[in-house]
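Here is the structure we will look at, set down as C-alpha cells.
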Amino acid sequence: MTKTILIVGLVIFGLNLMEAQEKVKWYTIDEAMQLTGEEPRVLVIDVYTDWCGWCKRMDATTFSDPAVAAIMNKHFYPVKLNAEGKDDIVIGDRTFKFVDNGRRGYHEIAAIVTKGRLSYPTISYVDEAGKVLEAAPGYKTADQFKVYLTYYSGDAYKTKNFEEFNATYNADL
C-alpha cells in the first residue's frame, strides 16, 4: 500500500513538473508589432514551412527547451511565420500578400524578414522599428540559440557584431 501511494505521488509530482515547464508564447507578426509599440522588444521570428523537417525538429527540441522559452517570453516577442502562408498580413496601413511562384510560393513578409534568402528554418531578429537586424538560417540547438538570445536581449547588438559577441560569449555567466 505504501509503495502504491509513493508511486502515485511521484507520478503526480512528475506531471506537475512537466506542466510547470515554461512554453514559448507565440504571437502573430501583427500582434507582435502592436505590442512592441507599447513595450519595445526585439521580435524573434521563426520563419518555417509545413514541409520543413528541420523546422519541426527545432519546435520539438530548441523551442521546447524551458530555458529558451523563459528567455524568449521575458525579453522578446516570439513570432511564428509560415513562409508559405496564404493569408494577407496587415501591419499599419500596409498589406503583405502571398506571392504565387510556380509550385511553391512565398509570403512577402517572409522575403522581407529573411532578407530575400528563403531557406528554412530561418530565425529573424527585428527591432521595434521593424528593421531586420539579422536573419540567421539553419537549425540551431538550444545552446546555439541561447547565444543569439543573449546577444539580442541586451544592448550588445547595438555596439558589436554577432561574431565579436560570440567569440567572447560565456554560457556560464
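Note that the numbering runs from 1 along the sequence shown for the chain.
How far CD of Glu22 is from CE of Met72: 11.0 Å, rounded to the nearest 0.5 Å. Atoms OH and CD, from Tyr48 and Glu84 in turn, are 10.0 Å apart once rounded to the nearest 0.5 Å.
Taking hydrophobic clusters as Ile, Leu, Val, Met, Phe, Trp and Tyr residues chained together by side-chain heavy-atom distances below 4.5 Å, Phe162 shares a cluster with Val42. Connection of Phe98 to Val47 is not established within any shared hydrophobic cluster, with ILVMFWY side chains joined at heavy-atom distances below 4.5 Å, either directly or through further cluster members. When the side chains of ILVMFWY residues are joined at heavy-atom separations under 4.5 Å, either directly or via intervening members, Ile91 and Trp26 end up in two distinct hydrophobic clusters. Under a hydrophobic-cluster definition in which Ile, Leu, Val, Met, Phe, Trp and Tyr are linked whenever side-chain heavy atoms come within less than 4.5 Å, directly or via other members, Leu133 and Met33 are assigned to different clusters. Taken together through direct or relayed side-chain contacts under 4.5 Å among Ile, Leu, Val, Met, Phe, Trp and Tyr, Ile29 and Leu118 form part of one hydrophobic cluster.
Considering all non-hydrogen atoms of both residues, Gly138 and Met58 come closest at O-SD, 4.3 Å. Of all heavy-atom pairs spanning Phe63 and Val24, the tightest one is O-CG2, 3.5 Å. Shown here for Cys55 and Thr49, the closest heavy-atom pair between the two residues is SG-N, 4.0 Å. The shortest non-hydrogen separation linking Phe145 to Val44 is CZ-CG1, 3.9 Å. The two residues Ser64 and Asp59 have their closest heavy-atom pair at OG-O, 2.7 Å. Annotation for Leu35 and Tyr77: closest pair O-OH, 3.4 Å, computed over non-hydrogen atoms.
The stretch residues 87-96 participates, sequence neighbours left out, in these side-chain hydrogen bond (donor to acceptor under 3.5 Å, both in side chains) pairs: Asp88-Lys97. Residue pairs that meet the salt bridge (charged side-chain N to carboxylate O under 4.0 Å, His left out) test with at least one member in residues 40-54, sequence neighbours left out, are Glu39-Arg41, Asp46-Lys80. Evaluation of the side-chain hydrogen bond (donor to acceptor under 3.5 Å, both in side chains) test over residues 107-120, restricted to residues two or more places apart or in two chains, returns none.
Between Trp54 and Tyr139, the angle of the ring planes lies from 30° to 60°, which puts this pair in the tilted group. Ring-plane geometry between Tyr157 and Tyr151 is classed as perpendicular, the angle between the planes exceeding 60 degrees on a 0 to 90 degree scale with a lower cut at 30.
For the residue pair Thr141/Asp143, the side-chain donor-acceptor check at 3.5 Å is not satisfied.
Under a 3.5 Å cut-off, the side chain of Ser124 and the backbone N or O of Val113 do form a donor-acceptor pair. The main-chain N or O of Glu164 is found under 3.5 Å from a side-chain atom of Asn161 such that the two form a donor-acceptor pair. A donor-acceptor contact shorter than 3.5 Å links the side chain of Lys140 to the backbone of Pro137. Under a 3.5 Å cut-off, the side chain of Thr36 and the backbone N or O of Ala32 do not form any donor-acceptor pair.
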If you apply the rule side chain to side chain contact (heavy atoms under 4.5 Å, CB included), what do you find for Ile123 with Tyr148, and how did you get there? CA-CA 10 Å; Ile123 306 300; Tyr148 284 91; over 6 Å; no
Checking side chain to side chain contact (heavy atoms under 4.5 Å, CB included) for the pair Phe76/Leu43: CA distance, chi angles, key distance, verdict? CA-CA 6 Å; Phe76 301 94; Leu43 279 64; over 6 Å; no
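Looking at Leu81, Ile109, Val132, Thr122 one by one, the single match for side chain to side chain contact (heavy atoms under 4.5 Å, CB included) with Ile45 turns out to be Leu81.
Both the sub-6.0 Å distance and the 45° axial angle are not jointly satisfied by Lys160 relative to the ring of Phe165.
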